[in-house]
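I have placed the structure first, in the form of structure tokens, so that the comments after it can refer back to it.
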Amino acid sequence: MSLEIESDVPLLALNTFGIDASAWSLVRVRSARDVRQVVDHPQWGRAPKFILGGGSNVLFTGDIRDALVVKMEVQGLRVLEDDAHSTLIEVGAGEPWHGVVTWTLAQGFAGLENLALIPGTAGAAPVQNIGAYGLELSDRLESVDLVDFVTGRSATLPAAHCRFGYRDSIFKRELAGKSAITSIRLRLPKPWAPVAGYADVARWLQREGVDEPSPQAIFDAVCAIRRSKLPDPAQWGNAGSFFKNPVVNRTIRNEILEEHPDIVSYPLDDGTYKLAAAWMIAACGWKGQHLGKAGVHEQQPLVLVNRGGASGAEIMALAHAIQDSVRRKFGLSLETEPVLV
Ligand code: EPU
């Protein structure tokens, strides 16, 4: 069956920021074979492509005119291996991530619970190396299947070749726009050990009187914390954290600390420090503020929200104003986290 290339597709329902843009051309792909057909397409094969998953980590700054939007809809969830040491799961790139977490838990396979309620699809998860509450996707990812946009060939990339970093991977850099992730494999180690050190999680478990947390208890903690801090996109359009937490060396951290002794920072394994951007944005007075239809979330100032009918340009105007304030007060540049299109 040949693929249908749709024209003038509204993107409003396809992005969690709730931006009213449109795609001049869009194709839905349900298998690696579909992606190969796109690559072989006489008109669209060579066109630039933008892959759209759940639309939860993207800000549309206007209509997408020059690129073919490839809407990733590859489905499927299956167990490939299950032995005494680990369980290996294969997931279609179009599966909603939170569904993957709940499915594995329901099957009795623990290990993804810290990543509960992260919006978006499984295929987008490696792109920004999703992470929350002490766990990153790279801690569980085994490999990724891709289709190359030039050759149409399929390949499997092991996790060690994905160049994972903090909200970073080869898919955001060298491979950006060059291939489509069609499925991912996750390895869940046994015996399961809780990751419960993140302050918010530890506090929640203590308050609930849980001494030896089960996977379900951690799942419940993470869901409760996220629901209390992060806006529901159904109510307030958003793409999660709009900025990354800056990572600085010890000297810079100490200099900032001298002037701002209360700043929240976390030591990383390599001797650098992650500074809490939420704290800095709040310290600049932006918490709960807005510029027109673009707002700063009250409970988590790292999240910018669409207060209703904002354009991508309005969100960016607020983002630039925040970046200016933080630069002036702390001498640091905040990097944006979602993909800007
Ligand atoms: N903070 C403030 N004021 C606030 C809110 C937070 O000072 O109003 C400080 C607090 O001291 C807190 C610190 O900021 O200890 C960190 O806050 P939080 O635990 O919410 O984490 P975050 O660093 O702001 C990151 C991720 C989130 C992820 C959480 C939990 C990034 C860019 N964001 O936020 O990921 O859910 O940790 O692990 O790394 C996302 O990427 O879209 C996302 C939501």
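Just so you know, ligand 1 is whichever comes first in the structure, and atom 1 is the first atom listed for that ligand. Just so it is clear, the structure is predicted and the values come from calculations on it, not from any experiment.
- Shown in contact with Gly240 at under 4.0 Å from a heavy atom are these atoms of ligand 1, numbered in order with element: 42 (O).
- Using a 4.0 Å cut-off between heavy atoms, Phe243 contacts ligand 1 through its backbone alone, with no side-chain atom that close.
- Short contacts between ligand 1 and Ala132, defined as distances under 4.0 Å to a heavy atom of the residue, involve ligand atoms 36 (O), 38 (O).
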Worked verdict on Thr156 versus Asp145 for side-chain hydrogen bond (donor to acceptor under 3.5 Å, both in side chains) | CA-CA 4 Å; Thr156 299; Asp145 287 345; 2.8 Å; yes

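- For the pair Gln128 and ligand 1, no heavy-atom separation below 4.0 Å is found.
- The minimum heavy-atom distance between Pro215 and Trp192, with the atom names listed, is N-CH2, 3.4 Å.
- Looking from atom 6 (C) of ligand 1 to the surrounding protein, the closest heavy atom is Ala278 CB, 3.5 Å.
- Aromatic ring pairs are classed by plane angle as parallel below 30°, tilted from 30° to 60° and perpendicular above 60°; the pair His260 and Phe330 is tilted.
- For ligand 1 and Trp279, the ligand atoms under 4.0 Å from any heavy atom of the residue are 2 (C), 7 (O).
- Less than 6.0 angstrom separates the ring centroid of His98 from the ring centroid of Phe219.
- In terms of protein heavy-atom proximity, atom 40 (C) of ligand 1 is closest to Ser241 OG, 3.2 Å.
- Asn306 pairs with exactly one of Asn238, Ile19, Asp20, Leu59 by the side chain to side chain contact (heavy atoms under 4.5 Å, CB included) rule, that one being Ile19.
- With respect to the salt-bridge test (charged N to carboxylate O, under 4.0 angstrom), the residues Arg185 and Glu142 do not qualify.
- Using a 4.0 Å cut-off to heavy atoms of Arg226, the atoms of ligand 1 that qualify are 36 (O).
- Against a heavy-atom cut-off of under 4.0 Å, Arg167 is close to the following atoms of ligand 1: 26 (C), 27 (C), 31 (C), 33 (N), 35 (O), 39 (O), 40 (C), 41 (O), 43 (C).
- Nearest protein heavy-atom contact of atom 16 (C) of ligand 1 is Tyr266 OH, 3.7 Å.
- Ion pair Asp324/Lys329 not flagged as a salt bridge, since none of the NZ, NE, NH1 or NH2 atoms sits closer than 4.0 Å to an Asp/Glu carboxylate oxygen.
- Near Lys229, meaning under 4.0 Å from any of its heavy atoms, are these atoms of ligand 1: 17 (O), 18 (P), 19 (O), 20 (O).
- Scanning both residues, Val127 and Ser169, for their nearest heavy atoms gives O-OG, 2.7 Å.
- Looking at Lys244 and Asp168, no side-chain N of the basic residue comes within less than 4.0 Å of a carboxylate O on the acidic one, giving no salt bridge.
- Remark: minimum distance from atom 8 (O) of ligand 1 to any protein heavy atom is reached at Lys287 NZ, 2.8 Å.
- Ligand 1 has an N or O atom lying under 3.5 Å from an N or O atom of Asn245, backbone or side chain.
- In terms of protein heavy atoms, atom 37 (O) of ligand 1 is closest to Tyr198 OH, 3.5 Å.
- Taking 4.0 Å as the cut-off between side-chain N and carboxylate O, Glu6 and Arg28 count as a salt-bridged pair.
- A salt bridge links Glu90 with Arg78: the closest approach of a Lys/Arg side-chain nitrogen to an acidic carboxylate oxygen falls below 4.0 angstrom.
- Of all protein heavy atoms, the one closest to atom 11 (O) of ligand 1 is Val264 CG2, 3.3 Å.
- Note on ligand 1: Lys274 sits outside its first shell, no heavy atom being nearer than 4.0 Å.
- Atom 22 (P) of ligand 1 has as its closest protein heavy atom Gln300 NE2, 3.8 Å.
- Within the listing of ligand 1, atoms 4 (C), 5 (C), 8 (O) sit less than 4.0 angstrom from a heavy atom of Pro301.
- Counting atoms of ligand 1 from 1 in the listed order, those under 4.0 Å from a heavy atom of Tyr166 are 31 (C), 32 (C), 39 (O).
- Inclusion of Tyr133 in the set of residues having an N or O under 3.5 Å from an N or O of ligand 1 is warranted.
- With respect to the salt-bridge test (charged N to carboxylate O, under 4.0 angstrom), the residues Glu335 and Arg167 do not qualify.
- Hydrophobic clustering (side-chain heavy atoms under 4.5 Å, transitive across Ile, Leu, Val, Met, Phe, Trp, Tyr) groups Ile51 together with Leu3.
- For Ala276, every heavy-atom contact with ligand 1 shorter than 4.0 Å involves the side chain, none the backbone.
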